[in-house]
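Chain letters run A, B, ... following the sequence lines, proteins first and then strands; every chain starts at 1. Below, all heavy atoms of this structure are taken into account, side chains as well, without hydrogens, waters or symmetry copies.
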Amino acid sequence: MSVRTRFAPSPTGFLHIGGARTALFCWLFARHHKAAFILRIEDTDEVRSTRESVDAILHSMNWLGLDWDEGPLLTKRDEGWDEKGSHGPYFQMKRTEHYKRYVKQLIDEGKAYPCYCTAEDIDAMRKLAESEKRNYRYDRRCRNLTADERKAREAQGKKFSVRFKMPEDGETVVDDGIRGQVHFDNKLRQDLVIQKTSGVPTYNFANVIDDHMMEVTHVVRGDEHLNNTPEQQQIYSALGFTPPKFAHLSMILGPDGAKLSKRHGATSVLEYRDQGFLPETMRNYLALLGWSTPESQQLFTQEELVAKFGLEGCQKNPATFDNAKLLWMNGEYIRTSTVDRLLEQAKPFLEKAELGSVDRKVLSTAVKLEQEKAKLLSDIPGLVEFFFREPNYDPKAVDKVLKAPGADKVVEELAVFLEKVEPFTEKSLEDAIRKFCEDTGRKTGQVFHPIRVAVSGKTTGPTLFGMLELLGKATVVARLKSAQKLCVQA
RNA sequence: GGCGCGUUCGUCUAGCGGCCUAGGACGCUGCCCUCUCAAGGCAGAGAUCAGGGGUUCAAAUCCCCUACGCGCCA
């Protein structure tokens, strides 16, 4: 049988880092096994589900390069999303008839039952248990009602939820792909609600029906679902379905050890994009959060990731998200990226800095000169800006370098000297300026630094002569001249 | 509170009974390279493997208990 797997997010918010990590692992698992990868939207939370969230999830996955074989299409139309795949629909709210059918089947077979207890009833039971210092567990008072008793309640117009009958003894063993066998004592389990009074199925039920109907063979999901798995497995067998293989991923924690959340700063995938991270960085970094190879390899191409990924390498304990390492990795990817790709990825940032329509060739060379310094795509505009407009003189740089003794003379003399350098290229500039140092008896540092600051406004920057060449003679000379007034000591 | 999961450098991790005086990566420190900044190279600090009991000739690795963290249910 062919392998099929899925990612099944609830559209109750943007795709956060934890969700993205789960999506990535599902996707890697699928691609590694050449399996079908399904994207299913679990929108049964009528209150919190939004269309914006669906959109955000779709676009986040698309940005990360996680493509799916079945599920909603990326672009939304007025009436919703078109879908692809033969096992749809892929929105749970479009599948309610199936859930109802199976709920009915379970009731008819005596494997589930209507429960007429109201929220108040449940609350009272809970309070009582608390006052008696007992653990609350639904007392199953509706489990064995006779047909007449049910009729009577319905005649009173009582609404009901539907509960699944858990076995009263024995144990349920979950054979987890990451954790191994996990044993659960059936006695201690609840009769899970599978359909709410609204008629909408609960997560744990819809999930089972869909995974079965979509012929999912492997479920890779977050740790928070491990505790629901015994109930789900019992539902599978009550329905005569073969359960899929489960694998539960550990959680991702914030720097303080608590589950990663909004108060830790950026948590949405798209926020990382907007900060200037490359999708390949996110993919690579997230893959390393809870997964590793025996060699502890750090950097992977997309293909390597797919080829090497496996559940064996997955960590059981939660991982803390580390921004410093993420940043390092992004620098790594920026450095090894082609300039063209960088330009394309940095486009929104360049446009924002009004460098969107600047000479492409100059920009390309400027980016190449500065590439190794950028940690974020959003660093790029600031690094190349001075090639296109008058520099912002950093006061510290001016104080330290231009106001240094003798700097004024250097700047003044060079404005004249560089006028004569021909051709105005990196190589001949270096030769000429070095010779200038020699002839005037100056150390190279005494000359190089003032030029740099006069021309770029900063003490840091790319290789001096390459920078001068790109700037061009006219600009260089003009800036040296205008910088002379900055050299005057107060 | 019950149940479940987890615990190796600050962080991500390697390790599946002897190769461990615990390896790699990020970060940190220093040196080298050098026109600055980066990048790169080299070196270094950093983990009594949560604690305690076993099992074994031998345990980070197997078993038990405790502590702590997290999750689910309530």
**Message:** Whole angstroms only, please: what is the CE-C1' distance between A:Met125 and B:C73?
**Reply:** 15 Å
**Request:** Can you figure out which of B:A74, B:U13, B:C35 approaches the side chain of A:His449 most closely?
**Result:** B:C35
**Asked** Would you say B:G2 has OP1 or OP2 under 4.0 Å from some side-chain N or O of A:Arg189?
**Response** no
**Asked** In terms of side-chain heavy atoms, does A:Tyr203 have a donor or acceptor partner in A:Asn228 at a distance below 3.5 Å?
**Response** no
**Message:** At less than 4.0 Å, is any side-chain N or O atom of A:Asn228 found next to OP1 or OP2 of B:G4? Yes or no.
**Reply:** no
**Asked** With respect to the side chain of A:Lys373, which nucleotide from B:A38, B:C70, B:A74 is positioned closest?
**Response** B:A38
**Request:** Hunt down the Watson-Crick or G-U wobble partner of B:G46, both distances under 3.5 Å, from any strand shown, or write none.
**Result:** none
**Item:** Modelled atom types, side-chain donor and acceptor of A:Gln234 and A:Thr172, under 3.5 Å
**Value:** yes
**Item:** Cation-pi, A:Tyr113 ring and A:Arg143 (6.0 angstrom, 45 degrees)
**Value:** no
**Cation-pi, A:Tyr138 ring and A:Arg163 (6.0 angstrom, 45 degrees)** = yes
**Asked** Does the A:Arg452 side chain pair with the main chain of A:Lys458, one donor and one acceptor, at a distance under 3.5 Å?
**Response** no
**Prompt:** What integer number of Å spans the C1' atoms of B:G24 and B:A47?
**Reply:** 14 Å
**Request:** Provide the Watson-Crick or G-U wobble partner of B:G18, both distances under 3.5 Å; none if there is no partner.
**Result:** B:C57
**Message:** I'd like the C1' distance from B:G10 over to B:G27, given in whole Å.
**Reply:** 8 Å
**Item:** Among B:C35, B:C5, B:C73, the nucleotide that comes nearest once only the side chain of A:Leu226 is considered
**Value:** B:C5
**Request:** Report yes or no: is there a donor-acceptor pair, N or O only, under 3.5 Å between the side chain of A:Ser292 and the base of B:G24?
**Result:** no
**Request:** Could you give the distance separating B:C5 and B:A45 at their C1' atoms, to the nearest angstrom?
**Result:** 35 Å
**Message:** Rounded to whole Å, how long is the line connecting atom CD of A:Glu224 with atom C1' of B:G6?
**Reply:** 15 Å
**Item:** Complementary nucleotide for B:C33 - Watson-Crick or wobble, under 3.5 Å
**Value:** none
**Asked** Salt-bridged, A:Arg141 to A:Asp121, with N to O below 4.0 Å?
**Response** no
**Request:** Take A:Arg137 and A:Asp185, find for each the nucleotide of RNA chain B with the closest heavy atom, and name the residue whose nucleotide sits nearer the 5' end.
**Result:** A:Asp185
**Request:** Would you mind pulling out the nucleotide paired to B:C68, Watson-Crick or G-U wobble, both distances under 3.5 Å?
**Result:** B:G6
**Message:** Can you tell me if A:Asn227 touches the phosphate of B:G71, counting only side-chain N or O atoms and a distance under 4.0 Å to OP1 or OP2?
**Reply:** no
**Prompt:** For B:A14, does either OP1 or OP2 sit under 4.0 Å from a side-chain N or O belonging to A:Gln315?
**Reply:** yes
**Complete:** Rounded to whole Å, the CG-C1' distance (A:Leu288 to B:G24) equals 11 Å
**Request:** Round to the nearest Å and state the distance from A:Tyr138 atom OH to B:C72 atom P.
**Result:** 24 Å
**Message:** Counting only side-chain heavy atoms from C-beta out, which of B:G24, B:C73, B:G4 sits nearest to A:Phe184?
**Reply:** B:G4
**Message:** So if I take every side-chain heavy atom of A:Pro318 and compare against B:G6, B:U36, B:A74, which nucleotide ends up nearest?
**Reply:** B:G6
**Request:** Measure from the side-chain heavy atoms of A:Thr460 and tell me the nearest of B:U36, B:C35, B:A74.
**Result:** B:U36
**Complete:** Rounded to whole Å, CG of A:Leu128 lies from P of B:A74 at a distance of 17 Å
**Straight-line distance of A:His212 NE2 to A:Leu239 CG, nearest 0.5 Å** = 7.5 Å
**Message:** In whole Å, I'd like the distance from the CD atom of A:Glu372 to the C1' atom of B:U36.
**Reply:** 12 Å
Could you list, one pair per line, each protein nitrogen or oxygen that sits under 3.5 Å from a nitrogen or oxygen of nucleotides 27-30 of chain B, together with the distance?
none

**Asked** Contact class for A:Gly331 vs. all strands (heavy atom < 4.0 Å): base, sugar-phosphate, or nothing?
**Response** nothing
**Prompt:** Taking 4.0 angstrom as the limit, do A:Glu280 and A:Arg341 come out as a salt bridge?
**Reply:** yes
**Prompt:** Tell me: NZ of A:Lys316 to P of B:G4, nearest whole Å?
**Reply:** 17 Å
**Request:** Rounded to whole angstrom, note down the P distance from B:G71 over to B:U48.
**Result:** 27 Å
**Request:** Tell me which of A:Tyr285 and A:Arg179 sits closer to the 5' end of RNA chain B, going by the nucleotide each one is nearest to.
**Result:** A:Arg179
**Item:** Separation between the C1' atoms of B:U34 and B:C26, rounded to whole Å
**Value:** 25 Å
**Message:** If I pick the C1' atom on B:C20 and the same atom on B:G4, what distance separates them, to the nearest angstrom?
**Reply:** 33 Å
**Request:** Give a yes/no verdict on a cation-pi contact between A:Arg283 and A:Tyr285, requiring under 6.0 Å between NZ or CZ and the six-membered ring centre and an angle within 45° of the axis.
**Result:** no
**Asked** When we call it a touch if two heavy atoms are under 4.0 Å apart, what does A:Gly461 touch: a base, just sugar-phosphate, or nothing?
**Response** base
**Item:** Proximal nucleotide (of B:C70, B:C35, B:U36) relative to the A:Met251 side chain
**Value:** B:C70
**Request:** Calculate the interatomic distance between A:Gln371 atom CD and B:A38 atom C1'; express it in whole Å.
**Result:** 12 Å
**Request:** Provide the distance between the two C1' atoms, one in B:G54 and one in B:C9, to the nearest whole Å.
**Result:** 28 Å
**Item:** Lys/Arg N to Asp/Glu carboxylate O, A:Lys325 vs A:Glu332, below 4.0 Å
**Value:** no
**Prompt:** So does A:Thr463 reach the base of B:C35 with its side chain, donor to acceptor, closer than 3.5 Å?
**Reply:** yes
**Asked** Which of these nucleotides, B:A74, B:G2, B:C35, is closest to any side-chain atom of A:Leu188?
**Response** B:G2
**Complete:** As its Watson-Crick or G-U partner within any shown strand, both distances under 3.5 Å, B:A39 has none
**Asked** Looking across every strand, which nucleic acid part, if any, lies under 4.0 Å from A:His183 by heavy atom: base, sugar-phosphate, or nothing?
**Response** sugar-phosphate
**Request:** Take atom C1' in B:C72 and the same atom in B:U13, then report the distance between them in whole Å.
**Result:** 27 Å
**Message:** So does A:Lys165 get a backbone contact from the side chain of A:Lys111, meaning a donor-acceptor N/O pair under 3.5 Å?
**Reply:** no
**Prompt:** When only distance counts, do a donor and an acceptor, one from the side chain of A:Arg452 and one from the base of B:C35, lie under 3.5 Å apart?
**Reply:** yes
**Message:** Counting the atoms with a prime plus P, OP1 and OP2 as sugar-phosphate, which does A:Thr320 contact under 4.0 Å by heavy atoms, base, sugar-phosphate, or nothing?
**Reply:** sugar-phosphate
